[in-house]
Number of protein chains: 2
Amino acid sequence: MSVTIRDVAKRAGVPLRATVSKVLNGRLGVRKATREKVLQAARELGYIPDFSARSLVTKRTRTLGFLVHARHTLSPHAFYGEVLSAAEQEARKHQYHFLFATFNQGDEAVPLTLLQEQRVEGLILAGCDIPRSLIVQLKHGGVPLVLVDNHVPGVHSVVIDNEGGAYEATSHLIRLGYTKIGFLCEWLDDLSFSERFAGYKRALHDHGLPFRPELVAEGEPRTPGSGHIAAQRLLDQGPPGSGRCGQRPHRNPGHANLSGGWPGRAHRHCRGWVR
Amino acid sequence: MSVTIRDVAKRAGVPLRATVSKVLNGRLGVRKATREKVLQAARELGYIPDFSARSLVTKRTRTLGFLVHARHTLSPHAFYGEVLSAAEQEARKHQYHFLFATFNQGDEAVPLTLLQEQRVEGLILAGCDIPRSLIVQLKHGGVPLVLVDNHVPGVHSVVIDNEGGAYEATSHLIRLGYTKIGFLCEWLDDLSFSERFAGYKRALHDHGLPFRPELVAEGEPRTPGSGHIAAQRLLDQGPPGSGRCGQRPHRNPGHANLSGGWPGRAHRHCRGWVR
DNA sequence: TTGAAAGCGTTACCAC
DNA sequence: GTGGTAACGCTTTCAA
């Protein structure tokens, strides 16, 4: 069987496992000589404390949960894999680990169970597909929570600078000398797209270019082929001012999800377009 | 604090926590009436067994480790995120979870620690960047192991059907009527590319087309721009039979890594090429 | 500083 | 079937 704290104590010649525990956890109250003996014995035996036993008593797991909607991780365009990877590398510096779980429709209980089992100390929820009700519930339960690519008032979140990004992209095209720059997106009611739309318009304005509603086209909400559809609509352009263009007000800007249903693809579908 | 098995026992009116444990784990040896009482009490209290306590005694964590080289997960072209996601969804059906960890140079101890801490019961190692020595060591340690996109004799592994895929791709082009089909790859000494090369040649042969060495070009091993380089070389074609073409023998086919250093990009760089 | 003992929340193993 | 008890491996507390 694997080596336990008993074995270390015995080998070090100290009668008590408590002493070993103290030494290995860097607590004081142990004579230097004793400490050395213990350290050496542990090294020789290749002792690694049992995770379950330790966390049973300390009530800490140094583990975080990472949740993504199953729909996204399967898409090669989703960037949540990169987020997870980077988060893990940062967490490791603090001796934290990540439990990964996909979020499937109807699995609302899973994250809660992870918490109640005392497996994880906090959660990162990636994507805007995690039900808002669940997020609110977790938040109320006092669970340390961070959202990625999503936003709920009062919850920590990491989001994309949509406005700034669109501003930069548009400015770049303008600097290259283009003056007729279109704007494609899934649908303007989505907060993330409306933010980009704002950045697009601000850039036009700052560079003294007119905003032309006929150069704006929406595709279909939460549809993979949406960018194509939008482009098609722009190319098949009817008379300016038709319903699909321009500055219509957002129905529920406060409640719209950040970055729509296809966040990983957003940067491909929502871009400056040059004619 | 959270609700423990004691609370359930008390509420159910049974004097023993052991009984509760039995019921909740579906063991027999409990009268139906008692069982009902326990079940109801557990439901009412929202009881979830503590993970650490449970695994301390059972010695099981129902948790698997998923390791990928840090270099890969950061690349949007790597498909390991999809592998992880799919693996997790399958594992969940069996009530298993995944601990995710990136593998960093010099972190050889990490997977071993995870094992010794009794945190994970087995490991999935994705990519060909995990040191072979580590794999062999784990294997000898009796750790349940599965490699993805990598191969070591005697270790379970999931690999791409390189030969078959290239055969299909080439056949497809032939069926479309093309007869002058090129083959680009990073370098032929790599097992995965040489397998694809074999499939390519087999398809040509099966369809009665000649193999023309001047249509084969290598790029640079383990270089992101490799496909471009190979294409350039093919286009700048010198006289047939120059060193970069054809059927030279593989130095160490048995020891070559599967699918080179850029597995996620392989399908983009190594393809049938039509002129 | 060191020694002894209690306890974390579960499951497993006994007798009854 | 049912009930009690021991044990898992560790940390913590409290006397000595």
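Note that the coordinates shown come from a computational prediction; the quantities given were computed from them, not determined experimentally. Lettering follows sequence order; numbering is per chain, from 1.
Inspection of the A/Ser133 and A/Gln137 side chains reveals no N or O donor paired with an N or O acceptor under 3.5 Å.
Here salt bridge (charged side-chain N to carboxylate O under 4.0 Å, His left out) pairs that include residues 19-36 of chain A, with residues two or more places apart or in two chains, number zero.
A straight line from CG of B/Leu56 to P of C/dG7 spans 17 Å, rounded to a whole angstrom. Atom CZ in B/Phe51 sits roughly 14 Å away from atom C1' in D/dC8 (whole-Å rounding). Distance B/Lys10 NZ to C/dG9 C1': 14 Å, rounded to the nearest Å. We find that CD of B/Gln116 is positioned 15 Å from P of D/dG9, with the value rounded to whole Å. Taking atom NZ on B/Lys32 and atom C1' on D/dT2, their separation rounds to 19 Å, with Å as the unit. The interatomic distance linking A/Leu24 (CG) with D/dG9 (P) rounds to 16 Å, in whole Å. Nucleotide D/dC14 holds its P atom 17 Å from the CG atom of A/Leu16, rounded to whole Å. The interatomic distance linking A/Lys37 (NZ) with C/dT1 (P) rounds to 15 Å, in whole Å.
Dashed line: the shortest gap from a side-chain N or O of B/Ser55 to OP1 or OP2 of D/dC8 is not under 4.0 Å. The phosphate of D/dG9 (OP1 or OP2) has a side-chain N or O of B/Lys59 nearer than 4.0 angstrom.
By the 6.0 Å contact criterion, NE2 on B/His94 is enclosed, its count of non-hydrogen atoms from other residues, nucleotides or ligands being greater than 12.
Taking only side-chain atoms of A/Val30, from C-beta outward, the nucleotide of D/dG3, C/dT2, D/dG9 with the closest atom is C/dT2. Among the nucleotides D/dT2, C/dT1, C/dG3, the one closest to the side chain of B/Arg31 is D/dT2.
Only one option out of B/Glu44, B/Arg43, B/Lys37 pairs with B/Gln40 in a side-chain hydrogen bond (donor to acceptor under 3.5 Å, both in side chains); it is B/Glu44. Across A/Ile135, A/Asp149, A/Leu147, a single residue satisfies side-chain contact (heavy atoms from CB on, under 4.5 Å) together with A/Ser157, and that is A/Leu147.
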Return all side-chain donor-acceptor pairs below 3.5 angstrom for residues 100-112 of chain A, not counting sequence neighbours, or 'none' if the list is empty.
| from | atom 1 | to | atom 2 | distance (Å) |
| --- | --- | --- | --- | --- |
| A/Thr102 | OG1 | A/Asn104 | ND2 | 3.3 |
| A/Thr102 | OG1 | B/Glu88 | OE1 | 2.6 |
| A/Asn104 | ND2 | A/Asp107 | OD2 | 3.2 |
| A/Gln105 | OE1 | A/His69 | NE2 | 3.3 |
| A/Asp107 | OD2 | B/Arg92 | NH1 | 2.3 |

Across nucleotides 10-16 of chain C, 5' to 3', mark each nucleotide with B, S or - according to how protein heavy atoms within less than 4.0 Å reach it.
BSB----
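In terms of heavy atoms, A/Val23 sits closest to A/Leu39 at CG1-CD1, 3.4 Å.
For B/Ser21, the side-chain hydrogen bond (donor to acceptor under 3.5 Å, both in side chains) partners at least two apart in sequence or on another chain are B/Asn25. Partners of B/Glu121 according to the side-chain hydrogen bond (donor to acceptor under 3.5 Å, both in side chains) rule, which considers only residues two or more places apart in sequence or in another chain, are B/Arg60, B/Tyr96.
For the helix from C/dT1-D/dA16 to C/dC16-D/dG1, the end axes, each set by the C1' atoms of five terminal pairs, are bent relative to each other by 40° (nearest 10°).
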